[in-house]
Every structure is written in C-alpha cells, then in structure tokens.
Colleague: 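Quick one: the structure is below, questions incoming.
Throughout, residue positions are numbered sequentially from 1 according to the sequence presented.
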Amino acid sequence: MENHSNVNEFIILGFSSIREYQNLLFVFFLVMYITTLIVNISLITVIRFARNLHKPMYFFLGNLSFLELGYISVTVPKIIVDIPRKRKSIPFSGCITQLFFVTFLGATETILLAVMSFDRFLAVCFPLHYTSIMSHKLCFILAAASWVLGFLTTSFPIIKLSQLHFCNANIINHFFCESAPLLKLSCSDPYFKELTIIVCASSVILSSVILTMMSYAYILITILKIPSDTGKQKAASTCVSHLLVVTTFYSTMFAMYIKPTANEGSLNKVMALFYTVFTPLINPFIYSLRNKEVKQALLFLVKRRRF
C-alpha cells in the first residue's frame, strides 16, 4: 500500500451535523457496543460448553457470532472515541486498514450465510444422510473456506482503492472509512477502481444469494411434500431464523456495494449503521429467541453455574 497523494489523513464528519445530540450518541454507541459484546460472547460460550449444541448449525453460528464481534469492533470503538473530539481524524493507512477489515468481514459473513443455508438444505432435504455428510471435517473446511474466500475477494479491490490519488479533499461524510466516500474524494479517475470494487462485491454477493435462494427453493419444495402439518412446521422452524438474518443482511449489502457511489449522505449512513451496528446485535437474539435448544442450553448452564 502506497500513498501517492497530498493527503496523509482523513477527517471523518460522523454525526457532527447533529451536535446537540452528541452526548446521546455517545451513550447509544457505548451501550450498543457493550451489549453486542455480551450477547455474542454469551452465545459463543453456550455453544462451546453445551454438548447438545455441538452440531454443524451451531458451529457455523459460533463462527458468525465471532465474526460479528470483529465487525462491530472495527468501527464502533473509533466512533465512541471520536464523538467528544472536535477534530475527528484518521491516518491514511488507518483508514485503508479499517476499510479492509470492514469489507473482509462483510464478504466473509456473506459467504458464511450461504454456507449456513446449504447446511439447512442438507438438514431438511436429506435428514437421513445429514450427519454423515456434514462431518466435523466438512464443517471446518466450509468455515475456513468462508474466511479465506472473504480475504481473497477483499484484498485485490482494497489494494486498487489504496492506489487512488487524493489531492486536497480529505473530508469523509461518513462515520467510518467506506469505499463510496473515498471514491468520491479521489482526484484521479476512479472508474476502473470503482468497477473492480463493483465486480468483486457483486460476484461475492450474487453468488451467495443465488446459492441461498437455490437452497431455500429446494427446502420449500421438500416442506410442501411433508404430509403432516406438524412435520411442515418443525422443518420450517429450523430455517426461519436464518432466513430472517439473510434477508436483512443481503438487502443492505446489495444497496451499499452493488453501486457504491449511488448512495449519498444520510441514507448511506443509515444503511451502514444497519449492517455494522444493528446486525451484530440482533443476529444472536434472532437465533436464540426462536431456538428452543439454545434457550434450554443457556438455562441449563445458568442453573449449573448457580449450583
């Protein structure tokens, strides 16, 4: 990464347009961050120590919670520190590093959600062969592949973006370093860099969405073939939580990355808030509140701890 420009740091505007609510924002982000840490760490702990949760679905869910911890830790601590400051700056290298981790974790989550939909597909459509197909080795390979592919698909476009020239403009109208405002600030022709980002982001998101849609199409067909209503409800209940998370996450990712420079100002910030702050918090609740096994395991561990 080399910086062939006049800009050594960026000024992040954040939420400076609503100065009268800075204290409220500080409390909001601090509470959201602490709550997200507690909830995700609790879910990882339950999955780790509850033997009845040592299953492929919960193995991937543990990976997702670990990923969410990294996701929110890349952006929110910096926001909390910057809110009381008058000058909210970040070095050029720090900005590119933050952008890399946000994009890397986002790409990994996209792939991991597709892997989780494939797991649900096998569980519903091939229940008799599920345990033999989804072995511990295969689970580890799929999880590792998600992280490796997320890293590989992110590295090249971020390297290309770091090579953009920034002449004098260095004010980012966002609360963290994002690709859209950086492309807008560049004084060089960002067309090919933007095209690279769009192609890489589109390939990851679209391929994951297609795999997820195909998995749920087969799941729906299989559920409709189940004769009893109880069987249909039981099969569908294993997928509702994941489908809700997938719908929420993919919709915001589509809006942000398929055409990154199309979003401006407040709308861009709201969508970014959704997938960087709210999603890491609500995902564990969605999975745990709708899952009897997780609730029972949590209750058992709490009782055992008290005893």
Side-chain angles (χ1 to χ4, degrees), residues 29-77 101-120 123 134 136 138-151 154 204 208 212 237-253 272-302 304-305:
F29 280 108
L30 183 61
V31 170
M32 289 287 286
Y33 183 60
I34 294 174
T35 306
T36 303
L37 291 183
I38 294 172
V39 171
N40 281 280
I41 291 173
S42 300
L43 186 56
I44 293 172
T45 304
V46 171
I47 293 172
R48 171 66 179 83
F49 291 103
R51 292 188 176 182
N52 64 315
L53 299 184
H54 291 178
K55 301 175 183 178
M57 182 178 77
Y58 300 109
F59 172 75
F60 294 126
L61 182 56
N63 271 266
L64 183 63
S65 290
F66 179 76
L67 186 148
E68 302 289 22
L69 289 174
Y71 215 151
I72 197 168
S73 297
V74 172
T75 55
V76 174
F101 279 104
V102 169
T103 312
F104 161 54
L105 293 171
T108 303
E109 182 167 355
T110 303
I111 300 168
L112 187 59
L113 288 174
V115 170
M116 293 174 72
S117 68
F118 176 71
D119 171 71
R120 294 298 82 207
M134 290 299 293
H136 292 293
L138 181 59
C139 289
F140 178 80
I141 291 173
L142 290 175
S146 301
W147 289 90
V148 171
L149 287 174
F151 176 81
T154 299
V204 173
S208 300
T212 301
S237 64
T238 63
C239 305
V240 171
S241 299
H242 179 259
L243 189 59
L244 181 59
V245 170
V246 164
T247 303
T248 303
F249 184 77
Y250 283 163
S251 59
T252 53
M253 292 296 284
L273 266 177
F274 209 87
Y275 72 81
T276 57
V277 180
F278 290 110
T279 300
L281 174 62
I282 64 176
N283 280 356
F285 283 109
I286 293 174
Y287 279 110
S288 59
L289 292 178
R290 296 191 58 88
N291 194 302
K292 291 182 179 179
E293 288 184 312
V294 174
K295 288 188 286 187
Q296 289 173 355
L298 180 60
L299 184 62
F300 173 76
L301 290 176
V302 169
R304 191 175 71 173
R305 180 64 179 172

Colleague: Going by ring-ring contact (aromatic ring centres under 6.0 Å, His included), name the residues that satisfy it together with Phe29, two or more places apart in sequence or in a different chain.
Modeller: Phe15
Colleague: Looking at every heavy atom in both Leu69 and Ile41, which two are closest together, and how far apart are they?
Modeller: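 Nearest pair, atom of Leu69 first, then Ile41: CD1-CG1, 3.9 Å.
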Colleague: Identify, with sequence neighbours excluded, every residue that meets side chain to side chain donor-acceptor pair (under 3.5 Å) alongside Glu68.
Modeller: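 Result, side chain to side chain donor-acceptor pair (under 3.5 Å) vs Glu68: Asn283.
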Colleague: Which pair of non-hydrogen atoms, one from Leu43 and one from Ser65, has the smallest distance, and what is that distance?
Modeller: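 Closest approach of Leu43 to Ser65: CD2-OG, 3.3 Å.
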Colleague: Got a second to check how far Leu37's CG is from Ser42's OG, nearest 0.5 Å?
Modeller: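 Interatomic distance, Leu37 CG to Ser42 OG, rounded to 0.5 Å: 10.0 Å.
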Colleague: Please name the pair of heavy atoms, one in Leu105 and one in Leu67, separated by the smallest distance, quoted to 0.1 Å.
Modeller: O-CD2, 3.6 Å
Colleague: Please report the C-alpha distance between Phe60 and Leu64 in whole Å, then the side-chain angles of each, then the deciding distance to 0.1 Å, and finally whether the side-chain contact (heavy atoms from CB on, under 4.5 Å) criterion is met.
Modeller: CA-CA 6 Å; Phe60 294 126; Leu64 183 63; over 6 Å; no
Colleague: Side chain to side chain donor-acceptor pair (under 3.5 Å): which pairs involve residues 45-55, sequence neighbours left out?
Modeller: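 Residue pairs passing side chain to side chain donor-acceptor pair (under 3.5 Å), neighbours aside: Lys55-Glu293.
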Colleague: Compare every heavy atom of Pro56 with every heavy atom of Asp119, then report the nearest pair and how far apart it is.
Modeller: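 Heavy-atom minimum between the residues: OD1-CB, 3.6 Å.
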Colleague: Decide yes or no for Phe118 and Val115: does some side-chain heavy atom of the first lie under 4.5 Å from some side-chain heavy atom of the second?
Modeller: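 Not in contact.
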Colleague: May I ask you to decide if Phe59's main-chain N or O and Asn63's side chain share a donor-acceptor pair within less than 3.5 Å?
Modeller: yes
Colleague: Anything under 30° is parallel, anything over 60° is perpendicular, the rest tilted; go ahead and classify Phe274 against Phe278.
Modeller: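 Ring orientation, 0 to 90° scale: tilted.
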Colleague: Rounded to the nearest 0.5 Å, how far does OG1 of Thr35 lie from CD1 of Ile282?
Modeller: 13.5 Å
Colleague: Locate the shortest heavy-atom distance separating Ile72 from Thr36; write the atom from each residue and the value.
Modeller: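 That would be CD1-OG1, 3.5 Å.
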Colleague: Mind checking ring-ring contact (aromatic ring centres under 6.0 Å, His included) for Phe151 and listing every partner two or more places apart, or none if nothing turns up?
Modeller: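 With neighbours one apart ignored, the set is Phe100.
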Colleague: Report the residues that fulfil side chain to side chain donor-acceptor pair (under 3.5 Å) with Tyr33, sequence neighbours left out, ordered by chain and then residue number.
Modeller: Ser73
Colleague: Who pairs with Leu149 by side-chain contact (heavy atoms from CB on, under 4.5 Å), at least two apart in sequence or on another chain?
Modeller: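 side-chain contact (heavy atoms from CB on, under 4.5 Å) list for Leu149, sorted by chain: Ile111.
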Colleague: Got Thr212 and Leu113 here, is their nearest side-chain heavy-atom distance under 4.5 Å?
Modeller: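 Answer no - side chains too far apart.
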Colleague: Nearest heavy-atom pair of Pro280 and Thr276: which atoms, and what distance?
Modeller: CG-O, 3.5 Å
Colleague: From Leu281 CG over to Ile34 CD1, what is the distance, rounded to the nearest 0.5 angstrom?
Modeller: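 It is 12.5 Å, given to the nearest 0.5 Å.
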Colleague: To the nearest 0.5 angstrom, please state how far the CG atom of Leu142 sits from the CE atom of Met116.
Modeller: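 Here the interatomic distance stands at 12.0 Å.
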